[in-house]
Engineer: 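Before anything else, here's the structure in question.
Everything numeric in this text was worked out from a predicted model, so none of it was measured. Just so it is clear: chains get the letters A, B, ... in the order the sequence lines come, proteins before strands, and each one is counted from 1. Heavy atoms only: backbone and side chains are in, while hydrogens, waters and symmetry mates are out.
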Protein chains: 2
Amino acid sequence: MSQNGVGVDLDKSLGYLLKEASSALRAAMEEVLRPLGMSVTHYSCLELLAQRPGLSNSELARGAFVTRQSMNVLLQALERDGYVTRPAEARVGKVLPAQLTPRGRRSLEKATVAVRSVEVRMLAGMTETEQSGAFRILQSMIHSLRDGDGDDGA
Amino acid sequence: MSQNGVGVDLDKSLGYLLKEASSALRAAMEEVLRPLGMSVTHYSCLELLAQRPGLSNSELARGAFVTRQSMNVLLQALERDGYVTRPAEARVGKVLPAQLTPRGRRSLEKATVAVRSVEVRMLAGMTETEQSGAFRILQSMIHSLRDGDGDDGA
DNA sequence: GAATGTATGTCAGACTTCTGACATGAGTCA
DNA sequence: TGACTCATGTCAGAAGTCTGACATACATTC
């Protein structure tokens, strides 16, 4: 079970640790959202719409880190069940701005409380300084990863 | 596109940022692994086996953050294609220790190089101190999230 | 020794997400 | 105006992952 001395040192890889943390966060969120009959992507979509009303399907997809095809499947279900509304036709271009219905907003309320409790638990034992340090570091990672996106920027 | 002043402040959520970073890492890994015909889970499985030969299906699943059923599907394919071997019968219990074949090891080599380059890119612009800080912070998050796993430990 | 609890490997089916493809609309540029 | 590029919404099929279930094997307890 412990290190075999091979040398690649998975135990010390920040990438692995990042994946581990993200996995733990997702699991914790799933756990508190399940009783509400909501998946993480489902919640993400609603939360995004609450904070930025009028987001399009593609924008929601980017915000929830899935493809626009996946988000479309979800959005159609949410629309069918009355959590979200979209105009039948686009006022400009093809973009259909989505809005939460009162039902969607109501459904989101409990979920937000549950998710926030998870985030609070995650941050437990970290000082303010450490939290802002984590913020900076994660942003640095994101920027570095997206910077050279396969093509060298030479 | 920018903050609407609603108040939940997704932009400042460490949970969201963690998901964003993890998503960027996964995307970067997929990008370099795709030319090698390998998925992230596929690579994770091989890397785990290289570092800890003899891991069982269930242990590999935990290491790659998927269910043992998902890992089983992958393992059977890897076995069929000659990247991995498992004994036909368990020497003790039901555990079947898996091993990389020479072909599996060869296949892993290029992938390891590719993935390491991604990790190096991710860490670019971070000092040693920041990296160890990131390490500690991520571990703290993981521990806190798993600590109270739904039931209060009272 | 028997009963219980826990962990494993595996099969089957359902669900989610993805890749590929197409048509449409806006913006740019000659 | 016309050609070109880019982004969007959407459909269809494929691939990956999950939940549920079952049989089996070990450990603990009585």
Side-chain angles (χ1 to χ4, degrees), chain A residues 1 19 22-23 26-31 33-35 37-46 48-49 54-81 84-99 149, chain B residues 1 19 22-23 26-31 33-35 37-46 48-49 54-81 84-99 149:
Chain A
M1 256 315 193
K19 190 174 174 182
S22 175
S23 167
R26 165 168 283 263
M29 285 179 67
E30 279 170 352
E31 191 177 358
L33 287 174
R34 192 186 323 263
M38 210 180 284
S39 75
V40 173
T41 310
H42 184 143
Y43 159 76
S44 301
C45 176
L46 263 43
L48 281 163
L49 276 180
L55 283 191
S56 70
N57 175 50
S58 288
E59 291 170 321
L60 286 168
R62 282 191 291 269
F65 311 110
V66 296
T67 62
R68 66 186 197 275
Q69 291 90 333
S70 297
M71 183 54 74
N72 195 31
V73 172
L74 175 61
L75 256 190
Q76 285 178 353
L78 291 177
E79 210 172 355
R80 168 173 49 76
D81 298 341
V84 164
T85 45
R86 281 192 294 180
E89 298 205 345
R91 289 184 54 82
V92 56
K94 298 188 70 178
V95 177
L96 300 174
Q99 300 273 351
D149 210 2
Chain B
M1 259 310 196
K19 189 174 175 183
S22 175
S23 168
R26 165 167 282 263
M29 287 179 66
E30 279 170 351
E31 191 178 357
L33 288 174
R34 193 186 322 266
M38 210 180 283
S39 75
V40 173
T41 309
H42 184 143
Y43 159 76
S44 300
C45 177
L46 263 42
L48 282 162
L49 277 180
L55 282 191
S56 71
N57 175 51
S58 288
E59 290 169 323
L60 286 168
R62 282 192 290 269
F65 310 109
V66 296
T67 63
R68 66 185 196 276
Q69 291 91 332
S70 297
M71 183 53 73
N72 194 32
V73 172
L74 175 61
L75 256 190
Q76 285 177 353
L78 291 177
E79 211 173 353
R80 167 173 50 76
D81 297 341
V84 164
T85 45
R86 280 191 295 178
E89 296 206 345
R91 289 184 53 81
V92 55
K94 299 189 69 178
V95 177
L96 299 175
Q99 301 272 350
D149 208 3

Engineer: Listed by chain and number, what are the side chain to side chain contact (heavy atoms under 4.5 Å, CB included) partners of B:E79, not counting sequence neighbours?
Structural biologist: B:R86
Engineer: Go through DNA chain C in 5' to 3' direction and return only the first and the last nucleotide with some atom under 4.0 Å of chain B's heavy atoms.
Structural biologist: C:dT8 to C:dT19
Engineer: Please name all residues satisfying side chain to side chain contact (heavy atoms under 4.5 Å, CB included) with A:S23, sequence neighbours left out, ordered by chain then number.
Structural biologist: B:F65
Engineer: Looking only at heavy atoms, what is the nearest atom pair of A:P97 and A:P87, with distance?
Structural biologist: O-CD, 3.2 Å
Engineer: Show the nearest heavy-atom pair for residues A:A64 and A:L48, with the distance to one decimal.
Structural biologist: N-CD1, 3.9 Å
Engineer: Taking CG from B:L78 and C1' from D:dG16, how many angstroms apart are they, rounded to a whole number?
Structural biologist: 14 Å
Engineer: Taking all non-hydrogen atoms of both residues into account, name the closest pair between A:A98 and A:V84 and its distance.
Structural biologist: CB-CG1, 4.0 Å
Engineer: Grab the N/O contacts between the protein and nucleotides 2-4 of chain D below 3.5 Å, and write none if there aren't any.
Structural biologist:
none

Engineer: Using heavy-atom distances to pick each residue's nearest nucleotide on DNA chain D, tell me which of A:S58 and A:R34 is more 5'.
Structural biologist: A:S58
Engineer: Need one value for A:S39: base, sugar-phosphate or nothing, where a base atom within 4.0 Å counts as base even if backbone is also close, heavy atoms only.
Structural biologist: nothing
Engineer: Could you pull out all residues at least two apart from A:V40 that satisfy side chain to side chain contact (heavy atoms under 4.5 Å, CB included)?
Structural biologist: A:R26, A:M29, A:E30, A:L33, A:S44, B:K19
Engineer: Please list, chain by chain and in numerical order, all residues satisfying side-chain hydrogen bond (donor to acceptor under 3.5 Å, both in side chains) with A:S56, sequence neighbours excluded.
Structural biologist: A:E59
Engineer: Suppose we screen for salt bridge (charged side-chain N to carboxylate O under 4.0 Å, His left out). Which residues come up paired with A:R68, at least two apart in sequence or across chains?
Structural biologist: none
Engineer: On a heavy-atom basis, which atom in B:L49 and which in B:G54 lie closest, and how many Å separate them?
Structural biologist: CD2-N, 4.4 Å
Engineer: Among residues 64-74 of chain A, which contact DNA chain C at a heavy-atom distance under 4.0 Å?
Structural biologist: A:V66, A:T67, A:R68, A:Q69, A:S70
Engineer: Could you tell me, to 10°, how much the axis swings from one end of the helix from C:dG1-D:dC30 to C:dA30-D:dT1 to the other, five pairs per end?
Structural biologist: 30°
Engineer: Return the value, rounded to whole Å, for the distance between atom CE of B:M38 and atom P of D:dG16.
Structural biologist: 13 Å
Engineer: Sequence neighbours excluded, which residues qualify as side chain to side chain contact (heavy atoms under 4.5 Å, CB included) partners of A:T67?
Structural biologist: A:Q69, A:S70
Engineer: Please list residues of residues 84-94 of chain A whose heavy atoms come under 4.0 Å from any atom in DNA chain D, ordered by number; otherwise none.
Structural biologist: A:R86, A:K94
